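Below is one structure, written out as structure tokens; comments come after it.
Since the structure is predicted, the reported quantities are computational estimates derived from the model, not experimental observations. Naming: A, B, ... by sequence-line order, numbering from 1 per chain.
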Amino acid sequence: MSTEPPSVMLSSRAAARARRGAALRRFARSYAAHRSGMAGLVILGLFALIALLAPVLFPADMLDITKTVQNETLEPPSGEFWLGTDEGGRSILAVLAWAARASLTVGVAASAISMVLGTLVGIGSGHYRGLLGSLLQRLTDWFLVIPFIPLVVVLAAVLGQRGLGTIVLVLGVTSWPGTARLVRAQTLSVEGRPYLERAKALGGSDWHQMVRHVLPNVMPLVLANTTLTVALVILSETTLAFLGLGDPYLDSWGTMLDKANGAGAASTGAWWYLLPPGICVILVVLAFTLIGRALESVLDPRLGRD
Amino acid sequence: MAVTSPVATELSDDSTPGGGSGGLGRFIGLRLLSGLGTLLFVLLFNFFLFRLLPGDPAARYRAVKNISAQDLARIRDELNAPVMEQFWAYLRDPLALQGISAWKGQPVWDLVGGRAWPTLVLLGTSTLLATLIGIRVGIRAGWRRGGSFDKVSTGVTLLFYATPEFWLGLLLILTFSSGIGPFPSLFPSGGVIDSGIEPLSMAGVVSVAEHTVLPAVALAAVYLAEYSLIMRASIVDELSQEYLTTARAKGLMDHVVRRRHAVPNASLPTITLIFLNIGFIIGGAITVETVFSYPGLGLLTFEAITEQDFVLMQALFLVFTVSVIVCNILADVAVAVLDPRIRT
């Protein structure tokens, strides 16, 4: 261990900070030992870079169909268009890079909503023993039963306004029950520990107990779980967009597949239009899954994943 | 996996002496009761979900040609009633047995009934494929944990796990149905049966099989990934158990220890998962049936979306949710039958 023991001169706050810093470094070291987790990070970093640099690499003009009319439509890959063109004569490579922005934004934003909802419901149902607690638990169980994709599809169809915000909202408010169940189980185990008894005996309010004692203990697991939620959300966004429930004015990998299917790419053999968006989805979902699994196994070595 | 139902945990305070078949009957009864509670919640949820709808729902029926004036008047009256009155009407007929599709102008349950069997064939085939292959792969990978088979199969499994099933379907159409390069067109890519063939004849069965192969493979590939991951994890859990050491100490061969001792104990989570996964497979069926124009409930859902037919959508959503509730109950009962500890 390279960290020196905190000296007696340190204030309690500084000692806490030093302890947290050491814990974080220990965490980073055990994460770095996970080869698949590191591979996930590298893939994700690459896609984040592409998403950020899309406007620099491919000027927005390249996506404007009115400015690409002179191009051949559904043209196979060539020197000018490395991945060919779509049915509007746009460069598939450019659309692909811009679509990374939409897919990643939806994934992260919706998972954030889901994380907040799931944590609130989970801690609430684990902390309150009375009516509120069992009501929240029942709610979680009921929502777990409702099949996810049909629910998402119906909700998106009912809401009808197909903006990116609607998609984020739909996926965010539907994907929380899994997180809530996990957080509830963890809350129950934390609530049984002596320091919570101490907090109760000293007259700490429910809020104080939940925020200062339970939350810091469930947070690492919540973050690992949220990483896996991002994977689920990105896959679901692809499904929604493919069914024509995405934002029609914004390119995502799902809308690309929807348009490719509409343009008959599968029956005319336009593989250059079908393959790239699907491979991008797979890589990003895989990256989040690998990171989530690595985080889980660092936090909970009993899982024994490699 | 935390797959035990809330009832199972509640039951743990109640110590029926002996356990026996009486305990099982009681367990099933309670489980049915809690399923009924879930069903009530779903019915309520289903009502309010479709009241989020903006705009004038009666207007959607104007475009329908073959709807009778009588039906149209009835629908308009119903849709213009106050929400509480609508809710009361809904409670009296939650299944909307009289519901008329805004798209076809036919009773929705006629439409749903006519589309049910292709979906059952598709889901049955793909679940069977996914289970048989997934479990075998999971057992082999978990038993030699960290070996080369484990490494390759876990990698491939995670890859399939990340694949959108409809995209896999599109690729299958591209290669096996449209024919690419030297490959001829091997499988048809639309419908469930060639027209003019009786489904219950020999030729009918062959034709249905031909049409089901590709969509079933697309669905199975994605879900076998999940089964094999779970099976692998539960085999790994069993590896350190003492009864395996005992079995080896008795001098049993490795494959006998695996087949007779480890696998039966590790199977429970996977059996539960097979039933619980039905909700996800239904979700996959929506896109896969759409891609293959396979005329089941999934394609009907897609048509209901594009035609903005919310009465039909509500009926389909109810069918999907009730199937999942039933499968959840079946999962709990199956596990209780197999594992007496859960009942008591």
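Between chain A and the options B:Phe317, B:Trp167, B:Phe280, the largest number of non-hydrogen pairs under 4.5 Å is found for B:Trp167. In terms of heavy-atom pairs under 4.5 Å with chain B, the best-connected choice from A:Asn261, A:Leu232, A:Leu151 is A:Leu151. When the candidates B:Ile282, B:Leu159, B:Val42, B:Thr301 are compared by the number of heavy-atom contacts under 4.5 Å with chain A, B:Leu159 comes out ahead.
Taking the side chain as every heavy atom from C-beta outward, B:Pro164 and A:Thr239 never approach each other to under 4.5 Å. The side-chain heavy atoms of B:Phe302 and A:Val153, taken from C-beta on, include no pair separated by under 4.5 Å. No side-chain heavy atom of B:Thr163 sits less than 4.5 Å from a side-chain heavy atom of A:Val281. Using a 4.5 Å cut-off on side-chain heavy atoms (C-beta onward), A:Val154 and B:Phe310 make no contact. B:Thr38 has its side chain out of reach of A:Asp141: every pair of non-hydrogen atoms, C-beta onward, lies at least 4.5 Å apart.
Proximity to chain B is absent for every atom of A:Leu283, based on heavy atoms less than 4.5 angstrom apart. There is no contact between B:Leu297 and chain A, counting heavy-atom distances below 4.5 Å. There is no contact between A:Leu182 and chain B, counting heavy-atom distances below 4.5 Å. For a residue to count as touching a neighbouring chain, one of its non-hydrogen atoms must lie under 4.5 Å from one of that chain's; by this rule B:Thr290 touches chain A with the side chain only. Interface residue A:Leu235: only side-chain heavy atoms are found under 4.5 Å from chain B. A:Leu139 touches chain B through its side chain: at least one heavy atom from C-beta onward sits under 4.5 Å away, while N, CA, C and O do not.
The distance from the CD atom of B:Glu165 to the CD1 atom of A:Ile149 is 7.5 Å, given to the nearest 0.5 Å. Put simply, CZ on A:Arg293 and CG on B:Leu158 are 5.0 Å apart, with the number rounded to the nearest 0.5 Å. Taking CG of B:Leu44 as the start and CH2 of A:Trp142 as the end, the distance is 8.5 Å to the nearest 0.5 Å.
Ring centroids of A:Phe143 and B:Phe41 are separated by less than 6.0 Å, placing the two rings close together.
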**Report entry** Stepwise side chain to side chain contact (heavy atoms under 4.5 Å, CB included) check, B:Tyr161 with A:Val285
**Finding:** CA-CA 9 Å; B:Tyr161 192 61; A:Val285 171; over 6 Å; no
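Shown here for A:Leu286 and B:Ala162, the closest heavy-atom pair between the two residues is N-CB, 3.8 Å. A:Pro150 and B:Gly283 make their closest contact through CD-CA, 4.0 Å (heavy atoms, listed as atom of the first residue, atom of the second, distance). Nearest heavy atom pair, residue A:Val145 against residue B:Val324, reads O-CG1, 3.1 Å. When all heavy atoms of B:Thr287 and A:Phe242 are compared, the pair lying nearest together is CG2-CD2, 4.2 Å.
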